[in-house]
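Structure record follows, encoded as structure tokens.
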Amino acid sequence: MATPLSPSSPSAPRKIAVVGLGTMGTGITEVLLRAGREVTGIDISEAQVAQCVAALEASTARAVERGRLTEQERADALARLRTATELTAAADADLVIEVAPESYEVKHQIFRELDGIVRPETILATGTNALSVTRLAADSARPERVLGLHFFNPAPAMKLVEVVSSVLTAPQAVTAVTDLAVELGKEPVAVGDRPGFVADGLLFGYLNQAAAMYEAKYASREDIDAAMRLGCGLPMGPLALLDLIGIDTARTVLDAMYAESRDRLHAPAPILKQLSEAGLTGRKAGRGFYTYEAPGSGTVVRDALTPLEGGGLTAGRTVRSVGVAGSGTMASGIAEVFAKAGYDVVLAARSEEKAQAAKARIGKSLARSVDKGRMTAESAAQTLERITPAGSYDAFADVDLAVEAVAEDLEVKRQLFGTLDKVCKPGAVLATTTSSLPVVACARATSRPQDVIGMHFFNPAPAMKLVEVVRTVLTADAVHATVREVCGRIKKHAVDCGDRAGFIVNALLFPYLNNAIKMVQEHYATLDDIDAAMKLGGGYPMGPFELLDVVGLDVSLAIEKVLHREFRDPGLAPAPLLEHLVAAGCLGRKTGRGFREYARR
């Protein structure tokens, strides 16, 4: 019978063994050594042990060069390291952290051997992010001392550590490793045992959908990655991130998630299996979604799928003047963007007063840019002079491009396009900024659907670099070429996608947000822990609940309903908690309460 953990046991472990000295094991070892712990690094491969030691010597030498360690601190840290190729070297450890390959059989064998080696009070931690901690614990002779300790790669840089409890884990064990994580300078998040935990549980569903989007030839790999970097502020696009993680690893995690959830969003996209079985596992193989300079390199090189410089051969139409329809934040932001780029802009609204108010808003925005040193007062004045407010869409008679930025209501937009069809000259390009409605429905409200296209700007338009260019099956090549050229002139990055709900960004972003809500709804983790996990573990600029409250819960619900209606996937059904909050009028920051409460202004 296992001995209970003694309440008088020292809290944070001092002697630690790390089993498995690959990239993650080596990183964890470095973190522990630099925090003053005695570490025994264990790997069955002598070559891997030697590689780990060389990597630690190199990384600590770089830390000295950068002034982050003294030479003495480096020497002391390396002196605290012992290495071995046998598990018996872990006999005196207070804590063993296993980061062996993501195979249940391998991990089970390690834990079974450790049962006969370590002291009764030793804590056994697995670094898995896909396998069941409970299953590993149940097979151990000391299930109350088994838990998950999930670091993120690269371990020395990433702040998040997920502390994973099973129903068998003793609270003292959780406290001990949580205290350790804090002493290591990490931010521990307590989670329960389910595949992917919090960060990877949300991340891998998103990555899987991006792979499926690419596989469906909906958008190019470059456009999918650029859309998520520029539209969401992510450090890497999803396909580049899959290559970094390892496509085989991602497939393993998704298989485990799907086995538990049976959610089709977690069923690995077939392309992940195809690439894995072909050995094209990403950076480590030199090829995955992209092709790299060499195995292990992060430098992407051209291949057969790399877009040609200069794009297509079709010539665009000349655009000298632009009409922007609307008077809200998006309309005024788009008008500012075009005016800054030197275009003459007609800003038309339903009344002269609304149009003048929108121009005044642009004036304030330009003044802020002057105050911040981003433009001169003379340039701001010239920009504002290029904008002509109008109380009627008749003022669009001579514009070369008309951009609609009115309410996200299909009937409102269709009526407006019917009006634009009448007032705009032949050959003018008509664009909608819709984020969720079918562009073709706007096109069919005109007698010239070939001239209609989507230009989805992101808010705030002056700051956000992305524009999703949405072709319908009726859009003319010259219209597409025109909008691509215009995006270049206004210094926006254009990505191409088809006329499908959510386009690229919202189709990938909102299922991720919905899954975060489901985690809270199921009492799996708290709002704060989920937000922290995604910022610290995924590099997201905002946690999902921060973002939901900023976007607006009503807006989020509307987009999720559109996605669910279009794709008919049960996993895309809006979380009931979101529907309840919207019904209660808790819409986020704009109402003072959403997932969190905010001070009234």
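Taking OG1 of T126 as the reference point, atom CD1 of I110 lies at 8.5 Å (rounded to 0.5 Å). Interatomic distance, D529 CG to E162 CD, rounded to the nearest 0.5 Å: 9.5 Å. Going from atom CD1 of I504 over to atom CG of L509 covers 13.0 Å, rounded to the nearest 0.5 Å. Residue I16 holds its CD1 atom at 5.0 Å from CG of L95, rounded to the nearest 0.5 Å. Atoms CG and OG1, from L21 and T83 in turn, are 8.0 Å apart once rounded to the nearest 0.5 Å. Atom CG of L547 is separated from atom SG of C232 by 7.5 Å, given to the nearest 0.5 angstrom.
Partners of T26 by side-chain hydrogen bond (donor to acceptor under 3.5 Å, both in side chains), not counting sequence neighbours: none found. Contacts of R229 classified as side-chain hydrogen bond (donor to acceptor under 3.5 Å, both in side chains), with partners at least two apart in sequence or in another chain: none. Not counting sequence neighbours, the partners of R37 by the salt bridge (charged side-chain N to carboxylate O under 4.0 Å, His left out) test are E183. The salt bridge (charged side-chain N to carboxylate O under 4.0 Å, His left out) search around E38 returns none, not counting sequence neighbours. Among residues two or more places apart in sequence or in another chain, the side-chain hydrogen bond (donor to acceptor under 3.5 Å, both in side chains) test is passed with D243 by Y292. Taking the side-chain contact (heavy atoms from CB on, under 4.5 Å) definition, one finds that K159 meets it with L536, sequence neighbours left out. Listed by chain and residue number, Y290 satisfy the side-chain hydrogen bond (donor to acceptor under 3.5 Å, both in side chains) test with D225 (two or more places apart in sequence, or in another chain). Applying the salt bridge (charged side-chain N to carboxylate O under 4.0 Å, His left out) rule to E277 yields the partners R251; only residues at least two apart in sequence or on another chain are considered.
Here the side chain of T169 pairs a donor or acceptor atom with the backbone of V146 at under 3.5 angstrom. Without hydrogens or angle criteria, Y524 side chain to G192 main chain gives a donor-acceptor distance under 3.5 Å. With hydrogens and angles disregarded, a donor-acceptor distance shorter than 3.5 Å links the side chain of K186 to the backbone of A155. In terms of modelled atom types and a separation under 3.5 Å, the side chain of D549 and the main chain of R593 share no donor-acceptor contact. Distance alone, capped at 3.5 Å, is enough to place a donor-acceptor pair between the N514 side chain and the A573 backbone. With hydrogens and angles disregarded, no donor-acceptor distance shorter than 3.5 Å links the side chain of E187 to the backbone of A532.
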Check your understanding: Under the side-chain hydrogen bond (donor to acceptor under 3.5 Å, both in side chains) criterion, do T134 and D193 qualify, and how do the steps go?
Key -> CA-CA 7 Å; T134 305; D193 182 24; 2.5 Å; yes
Exercise for review: Apply salt bridge (charged side-chain N to carboxylate O under 4.0 Å, His left out) to the pair R596 and D531, showing each step before the final yes or no.
Suggested key: CA-CA 12 Å; R596 294 185 174 91; D531 276 355; 2.9 Å; yes
Point to revise | Full working for side chain to side chain contact (heavy atoms under 4.5 Å, CB included) between V562 and F567 | key: CA-CA 9 Å; V562 168; F567 296 108; over 6 Å; no
Point to revise | Criterion side chain to side chain contact (heavy atoms under 4.5 Å, CB included) on V164 and L149, from CA distance to verdict | key: CA-CA 6 Å; V164 188; L149 196 58; over 6 Å; no
**Study point:** Criterion side chain to side chain contact (heavy atoms under 4.5 Å, CB included) on N129 and D200, from CA distance to verdict
**Key:** CA-CA 7 Å; N129 68 340; D200 285 353; 2.6 Å; yes
Exercise for review: Go through the steps to decide whether T29 and L81 satisfy the test side chain to side chain contact (heavy atoms under 4.5 Å, CB included), and finish with yes or no.
Suggested key: CA-CA 8 Å; T29 299; L81 174 66; 3.9 Å; yes
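Listed by first then second residue, pairs satisfying side chain to side chain donor-acceptor pair (under 3.5 Å) with a partner in residues 552-564 read D554-K590, not counting sequence neighbours. Note on residues 44-63: pairs passing side chain to side chain donor-acceptor pair (under 3.5 Å), not counting sequence neighbours, are E30-S59, T60-R74. Sorted by first then second residue, the salt bridge (Lys or Arg N to Asp or Glu O under 4.0 Å) pairs that include residues 257-268, not counting sequence neighbours, are R264-D569. Screening residues 82-95 for salt bridge (Lys or Arg N to Asp or Glu O under 4.0 Å) gives K15-D92, R82-D92, D94-R119 as the qualifying pairs, with residues at least two apart or on separate chains.
For E73 and R68, the salt-bridge test fails: no basic side-chain N is under 4.0 Å from an acidic carboxylate O. The pair K535-E546 counts as a salt bridge, with a side-chain nitrogen and a carboxylate oxygen less than 4.0 angstrom apart. Using a 4.0 Å cut-off between charged nitrogen and carboxylate oxygen, K273 and D248 do not count as a salt-bridge pair. With respect to the salt-bridge test (charged N to carboxylate O, under 4.0 angstrom), the residues R142 and D115 qualify.
Both cation-pi conditions hold for R135 and Y104: the charged atom is under 6.0 angstrom from the six-membered ring centre and inside a 45 degree cone around its axis.
The minimum heavy-atom distance linking A211 with A269 is given by the pair CB-CB, 4.2 Å. Looking at every heavy atom in both residues, V174 comes nearest to S165 through CG2-OG, 3.3 Å. When all heavy atoms of F152 and M24 are compared, the closest pair comes out as C-CE, 3.6 Å. Smallest separation of non-hydrogen atoms from P195 and A130: CB-O, 3.8 Å. Of all the heavy atoms in L508 and A210, the pair that sits closest is CD2-N, 3.6 Å. E113 and L87 make their closest contact through OE1-CD1, 3.4 Å (heavy atoms, listed as atom of the first residue, atom of the second, distance).
The shortest side-chain heavy-atom distance between S297 and R283 does not fall under the 4.5 Å cut-off. Residues E98 and L124 are not in side-chain contact: their nearest non-hydrogen atoms beyond the backbone lie 4.5 Å or more apart. A 4.5 Å side-chain heavy-atom check between F204 and H266 finds every atom pair outside the cut-off. Contact of the L230 side chain with the F458 side chain is not registered, since no non-hydrogen atoms from C-beta on lie closer than 4.5 Å. The closest side-chain heavy-atom distance from M228 to V505 is below 4.5 Å. L242 places a side-chain heavy atom less than 4.5 Å from the side chain of L207. Looking only at side-chain heavy atoms (C-beta outward), R80 and V39 stay at 4.5 Å or farther from each other. Looking at P268 and D255, their side chains come closer than 4.5 Å, going by heavy atoms from C-beta outward.
Residue-environment remark: CD1 (I117) exceeds the threshold of 12 foreign heavy atoms within 6.0 Å. Residue R287 qualifies as open at atom CZ: its count of foreign heavy atoms under 6.0 Å is 12 or below.
Taking the six-membered ring where tryptophan is involved, the planes of Y512 and Y206 are tilted, since the angle between them lies from 30° to 60°.
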